[in-house]
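FYI, side chains are in, hydrogens and waters are out, and symmetry mates aren't considered; it's all heavy atoms of this structure.
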Amino acid sequence: EYSETLMDIPMGIKAADYNSVKSKGNLVNMTAEINDNGDYIVVQRTDGLTLQFTSGDSPMRSNIHNNGGYMYFLNGSDLYRSLDGSSATSLGTVGGVGRGQILSNAVPGNNQKLILNGDGDGYIYDNSGLNKITDVDFYPTTSATILNERFWLVRDGTNEIFASDQSDGTSYDALSFATAEWKPDTVIVVISIKSALWIIGTDTAEYWQSYSNTLVPIRAVRGASKARGILAKNSFAQLDEYYAFLGDDGVVNLIKDTEMITISDIDLENKIRGDGTLANPPMPIGDIRDCYAFFVDQPHHKTYYLTFPSINYTWGFDVENGLPHTRESYGIGGFRAANSITRDNKIFIGDRIDGSFWLLDPEAYVEGTALLIATMRTPSISFRANVTIPSITVDMEVGQDEDPTATPVMMVRYSKDGGYNWVNHADISLGNKGDHRRKVILRRFGRLAKGKDFVLELSVSDALRVQIYGLDADIQASI
């Protein structure tokens with residue numbers, strides 16, 4: 001005799017509810033919306049990429065900086081600018097091969113753009129063109145910020161930061177410098193927040209505020225420093241009041257004002273630090289330090305993306321809803337994006353593989369001509385008795401109104417041991433042109449032994465909108 005019940009299979013779980021014995025699920029090229037209780041209410045495909053132009057074969061290697069009506073970025077050894085995202089013009093050569101940085105001091109009449117070429121050299125682009133900084137008190141640097149019309153820069157390999165003259169990024173005074181004081185370590189990154197600076201080193205993060213002083217108009221704030229350093233310089237990224245970076249303990253930290261919190265999940269931390277098994281050792285330190293990050297600013301979502309190019313893995317975290325996901329570009333592994341900027345209600349993406357400049361497009365379900373495979377893997381479920389799963393119903397919406405000959409399908413597989421071994425289920429049709437909200441029924445998952453962990457994985461590679469609203473499993477147990 002059997003009892004039969006219908007149960008919801010969770011599409012994801014909050015980090016606070018995670019049980020390390022279980023598989024917590026994952027979203028690849030998909031993101032989630034949640035309600036006030038943190039429950040998943042829809043999982044949907046991420047936006048695709050539409051090519052705007054290509055500026056060369058070299059990868060993008062800086063942020064995209066918006067200033068004076070133009071977007072500035074480094075591609076290969078050159079500085080480029082674009083007016084509207086449809087083309088770009090080279091402004092000259094700055095050299096370097098490392099990840100660079102571009103920022104400006106907002107001086108009226110001669111707004112100066114500071115370009116760090118990633119190898120220690122600095123350039124200024126202003127009304128006189130592109131010129132290398134030659135002041136003897138300008139030191140090799142790969143990190144800078146702007147505060148009160150001064151550029152503040154890290155003196156690489158030391159525990160110091162130094163500053164430009166006010167309103168002049170070409171001129172530097174030997175006495176305009178500050179030294180990390182709390183627990184002096186090598187300074188890696190300097191960032192500005194409102195009227196203050198965070199000076200982040202290998203082991204600590206110090207908080208400094210502005211005050212009246214001609215040469216060094218900042219001072220350390222007692223009691224505000226954190227015993228948290230940065231492990232990879234280019235893991236630092238900033239969007240509005242949010243700042244994030246990979247800490248010296250292998251976790252990702254988010255700063256807002258003077259508050260610092262951890263945002264990384266167990267999957268990312270195990271990938272970086274290992275899980276104590278031979279099968280999953282710690283990531284080599286060189287691979288960690290090669291990582292880079294940036295934010296994508298979308299309506300209702302601000303996502304921090306951290307990419308490890310050596311292993312082609314990209315982890316994303318939405319600071320608005322507190323949920324992680326991963327992003328993969330077909331044939332590459334990690335997300336192909338190097339940077340992002342929001343301009344005129346459009347989101348532009350620079351390419352880390354070549355000189356492509358993309359539009360992050362909610363109407364695109366591919367990346368150029370490449371597939372964008374959307375995958376949802378559920379958290380594992382288990383039972384205190386032997387059960388049978390005759391069917392699972394997927395409540396979902398698909399959007400395909402253009403090609404009457406298209407026959408999109410969803411690929412399905414499942415595991416009964418928490419994701420270690422997988423069984424391929426038959427592909428399921430997602431309907432024809434004009435079909436939208438659907439109840440897709442998956443059948444014959446067989447018997448699940450007591451205490452075993454069931455995981456369901458759904459993938460769609462066809463170019464159409466995908467939104468999943470819920471999963472209902474028919475469960476039969478002997479009584």
Side-chain angles (χ1 to χ4, degrees), residues 10 12-30 188 202-203 227-235 244-253 262-293 304-317 323-336 352 373 375-383 411-425 448-459:
I13 57 176
K14 296 175 289 185
D17 296 332
Y18 173 63
N19 179 344
S20 61
V21 177
K22 303 287 188 178
S23 169
K24 76 175 188 62
N26 188 31
L27 301 177
V28 181
N29 298 330
M30 302 192 81
I188 305 298
T202 54
D203 305 306
R228 177 65 61 243
I230 185 169
L231 186 57
K233 180 180 75 70
N234 293 322
S235 68
F245 63 92
L246 178 61
D248 60 332
D249 57 350
V251 305
V252 179
N253 301 282
T262 296
I263 61 172
S264 49
D265 64 357
I266 191 69
D267 287 346
L268 177 63
E269 292 170 13
N270 282 346
K271 188 171 286 289
I272 293 171
R273 302 186 298 193
D275 61 5
T277 68
L278 293 177
N280 187 26
M283 191 184 301
I285 189 64
D287 292 350
I288 296 174
R289 287 180 173 155
D290 282 345
C291 74
Y292 66 87
Y304 171 82
Y305 281 111
L306 179 65
T307 293
F308 298 85
S310 300
I311 63 170
N312 277 314
Y313 174 78
T314 299
W315 176 85
F317 181 84
L323 299 177
H325 65 275
T326 56
R327 176 124 187 184
E328 297 179 358
S329 292
Y330 188 75
I332 297 172
F335 193 14
R336 67 182 305 134
R352 70 178 173 96
I373 301 176
T375 300
M376 181 184 75
R377 181 180 295 182
T378 68
S380 60
I381 59 172
S382 60
F383 300 89
M411 297 165 283
V412 181
R413 64 177 188 162
Y414 61 92
S415 170
K416 295 181 179 180
D417 58 7
Y420 290 97
N421 296 283
W422 293 90
V423 177
N424 291 321
H425 189 284
L448 181 66
K450 173 184 176 181
K452 291 294 185 178
D453 294 315
F454 180 84
V455 181
L456 180 67
E457 184 180 276
L458 309 176
S459 296

Looking at every heavy atom in both [X] and [Y], which two are closest together, and how far apart are they?
| X | Y | answer |
| --- | --- | --- |
| Ala293 | Ser235 | CB-O, 3.2 Å |
| Asn234 | Cys291 | CB-O, 3.3 Å |
| Arg352 | Phe335 | NE-O, 2.7 Å |
| Tyr304 | Val252 | CE2-CG1, 3.7 Å |

Can you tell me if [X] uses its side chain to pair, donor with acceptor, with the backbone of [Y] under 3.5 Å?
| X | Y | answer |
| --- | --- | --- |
| Arg273 | Val251 | no |
| Ser415 | Asn421 | yes |
| Asn312 | Ile332 | yes |
| Asp453 | Gly419 | no |
| Thr326 | Leu27 | yes |
| Asp287 | Asp290 | no |
| Ser264 | Glu269 | no |

Contact check, side chains of [X] and [Y], non-hydrogen atoms, under 4.5 Å:
| X | Y | result |
| --- | --- | --- |
| Asn253 | Ile230 | no |
| Asp275 | Ile266 | no |
| Glu328 | Thr375 | no |
| Ile373 | Val28 | no |

About how many Å separate [atom2] of [Y] and [atom1] of [X], when rounded to the nearest 0.5 Å?
| X | Y | atom1 | atom2 | answer |
| --- | --- | --- | --- | --- |
| Met283 | Phe308 | CE | CZ | 4.5 Å |
| Leu448 | Lys416 | CG | NZ | 6.5 Å |
| Ile285 | Ile272 | CD1 | CD1 | 10.0 Å |
| Asn424 | Tyr414 | CG | OH | 9.5 Å |
| Ser310 | Ile288 | OG | CD1 | 10.5 Å |
| Ser382 | Asp417 | OG | CG | 12.5 Å |

Discussion item. Test side-chain contact (heavy atoms from CB on, under 4.5 Å) on Arg413 and Arg377; report intermediate values, then the result.
Written reply: CA-CA 9 Å; Arg413 64 177 188 162; Arg377 181 180 295 182; 3.3 Å; yes

Fill in: Exceeds 12 heavy-atom contacts within 6.0 angstrom, atom CZ of Phe383
yes

Looking at residues at least two apart in the chain, or sitting in another chain, which of them share a side chain to side chain donor-acceptor pair (under 3.5 Å) with [X]?
| X | value |
| --- | --- |
| Tyr305 | His325 |
| Thr262 | none |
| Thr314 | Thr307 |

Worksheet item: Do we see a donor-acceptor contact under 3.5 Å between the side chains of Trp315 and Asp267?
Response: no

Fill in: Worked verdict on Phe454 versus Thr378 for side-chain contact (heavy atoms from CB on, under 4.5 Å)
CA-CA 9 Å; Phe454 180 84; Thr378 68; 5.7 Å; no

Discussion item. Can you tell whether the side chains of Asp248 and Arg228 come within less than 4.0 Å, N to carboxylate O?
Written reply: yes

